[in-house]
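Notes follow once the structure below has been shown.
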2 protein chains.
Amino acid sequence: MAEPLKRLPALPIERALKVISGRWKAVILFHLFDGSKRLSELTRLLPDVSQKVLIQQLREMEFHGLVHREIFRQVPPRVDYSATPLGLSLEPFIMSLCEWGRRHASELGDADELSDCALANACERVSIRSS
Amino acid sequence: MAEPLKRLPALPIERALKVISGRWKAVILFHLFDGSKRLSELTRLLPDVSQKVLIQQLREMEFHGLVHREIFRQVPPRVDYSATPLGLSLEPFIMSLCEWGRRHASELGDADELSDCALANACERVSIRSS
DNA sequence: CGCCATACTTACCTCTTAGTGAGTATTGGA
DNA sequence: TCCAATACTCACTAAGAGGTAAGTATGGCG
């Protein structure tokens, strides 16, 4: 994002999709729903993402109002990332999308290709929780 | 999609986002929720999309089970596109995403940048309908 | 025969996104 | 003085999505 000033699409649906669809954004958000995290924690939680890309995704989400960035002037430095209310408002949405993704995989016969981890099973936990 | 055989992401949430986030997919789906459409109708409904890209998006959605393509062997040829049950199951989801997009725009002070059309106001119609 | 409508295909180009690897900044403490 | 820890930043590259413009296929019809 050399130019974070570029406008989001004018159609609400496109705007929403644009804001949440980055390679790692949903996964990052999922972890932030759990509470604020330091960059180094996120690096550990997402070992497949390089630091540069991680920061890039976080900055875009910060710019789009989904994530709050708080700097603690210490040595060594410390920066906390957390979900804003707007970001938190995506939680039910991300969970139901996750559920839809599982349905989609099962209807297309790809269910066995799904990974099995906290995020993959998040929607189950949610439906158990809410039942 | 020279290679439509490539696998979708293993995380359900990523899979779902991958499947619905193409430049025009949500908009196309919105029109298909209304009933099946010929390619020429879609071309008229989406004047900003070139035919190539339109077909591309439709084919991807067909491959991903969201859209059904029916060929009528006539002259001139006729092809109908319609939403499958799986595609239709995205309707509430797309509508709520649309609502979220409007909220996002208003919270970021971009509300005046939103366009004003059927799709932009779809979620309103839905909430009116459901109230 | 040549034209029309419809639904594509193809070649090519551009712009965005993601990814790699190395470098920078800060400052307390050995 | 130099190192360690943390959080970046930069230059470059690769892949992919989307866009433009032109071409193909079919078969009825004047």
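In this text, all values refer to a predicted model and were calculated from it rather than measured experimentally. In what follows, chains carry the letters A, B, and so on, assigned in the order in which the sequence lines appear, proteins first and then strands, with residues in each chain numbered from 1.
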Review point. Across the strands shown, which category fits Lys18(A) at heavy-atom distances under 4.0 angstrom: base, sugar-phosphate, nothing?
Key: sugar-phosphate
Exercise for review: Just compare dT6(C), dA7(D), dA5(D) and give me whichever is closest to any side-chain atom of Pro77(B).
Suggested key: dT6(C)
Check your understanding: Only one of Gln51(A), Arg78(A), Arg44(A), Arg69(A) clears side-chain contact (heavy atoms from CB on, under 4.5 Å) with Leu39(A); which?
Key -> Gln51(A)
Point to revise | Any Leu86(B) side-chain heavy atom under 4.5 Å of Arg103(A) side chain | key: yes
Exercise for review: Determine the interplanar angle of the His104(B) and His64(A) rings, folded into 0 to 90°, and report it as parallel if under 30°, tilted if 30 to 60°, perpendicular if over 60°.
Suggested key: perpendicular
Review point. Just checking Arg69(B): base, sugar-phosphate only, or nothing, at a heavy-atom cut-off of under 4.0 Å?
Key: sugar-phosphate
Point to revise | Atom-pair distance (CG on Leu42(A); C1' on dC8(D)), nearest Å | key: 14 Å
Exercise for review: Remember a base hit wins even if backbone is also touched, and classify Ile55(B) as base, sugar-phosphate or nothing at under 4.0 Å, heavy atoms.
Suggested key: base
Check your understanding: Is the closest side-chain heavy-atom distance between Ile28(A) and Tyr81(A) below 4.5 Å?
Key -> no
Check your understanding: Do any side-chain nitrogens or oxygens of Arg38(A) fall under 4.0 Å of OP1 or OP2 in dA7(D)?
Key -> yes
Review point. Across the strands shown, which category fits Val53(A) at heavy-atom distances under 4.0 angstrom: base, sugar-phosphate, nothing?
Key: base
Check your understanding: Gln74(A) side chain N/O closer than 4.0 Å to the phosphate oxygens (OP1, OP2) of dG28(C)?
Key -> no
Check your understanding: Counting just side-chain N and O atoms, does Arg23(A) come under 4.0 Å of either OP1 or OP2 of dA15(D)?
Key -> no
Check your understanding: How many Å lie between CG on Leu58(A) and P on dC8(D), as a whole number?
Key -> 9 Å
Review point. Does a nitrogen or oxygen in the side chain of Lys52(A) sit under 4.0 Å from OP1 or OP2 of dT13(D)?
Key: no
Check your understanding: Phosphate oxygens OP1/OP2 of dT27(C): is one of them under 4.0 Å from a side-chain N or O of Arg73(A)?
Key -> no
Check your understanding: Nearest to the side chain of Arg59(A), which nucleotide is it out of dC8(C), dC8(D), dA5(D)?
Key -> dC8(D)
**Study point:** Sugar-phosphate, base or nothing in reach of Phe72(A), heavy atoms under 4.0 Å
**Key:** nothing
Practice item. Ignoring backbone atoms, establish whether Ser50(B) has a side-chain N or O less than 4.0 Å from OP1 or OP2 of dA21(D). Key: no
Practice item. Check whether any side-chain nitrogen or oxygen of Ser40(A) sits under 4.0 Å from OP1 or OP2 of dA5(D), and answer yes or no. Key: no
Exercise for review: Determine: side-chain N/O of Arg78(B) to OP1/OP2 of dA5(C), distance under 4.0 Å, yes or no.
Suggested key: no
Review point. Any donor-acceptor pair under 3.5 Å linking the side chain of Gln57(A) with the backbone of Trp24(A)?
Key: yes
Review point. Does Gln51(A) have a side-chain nitrogen or oxygen under 4.0 Å from the phosphate oxygens OP1 or OP2 of dG19(C)?
Key: no
Practice item. Describe the nucleic acid contact of Gln57(A) in one word from base, sugar-phosphate, nothing, applying a heavy-atom distance below 4.0 Å. Key: sugar-phosphate
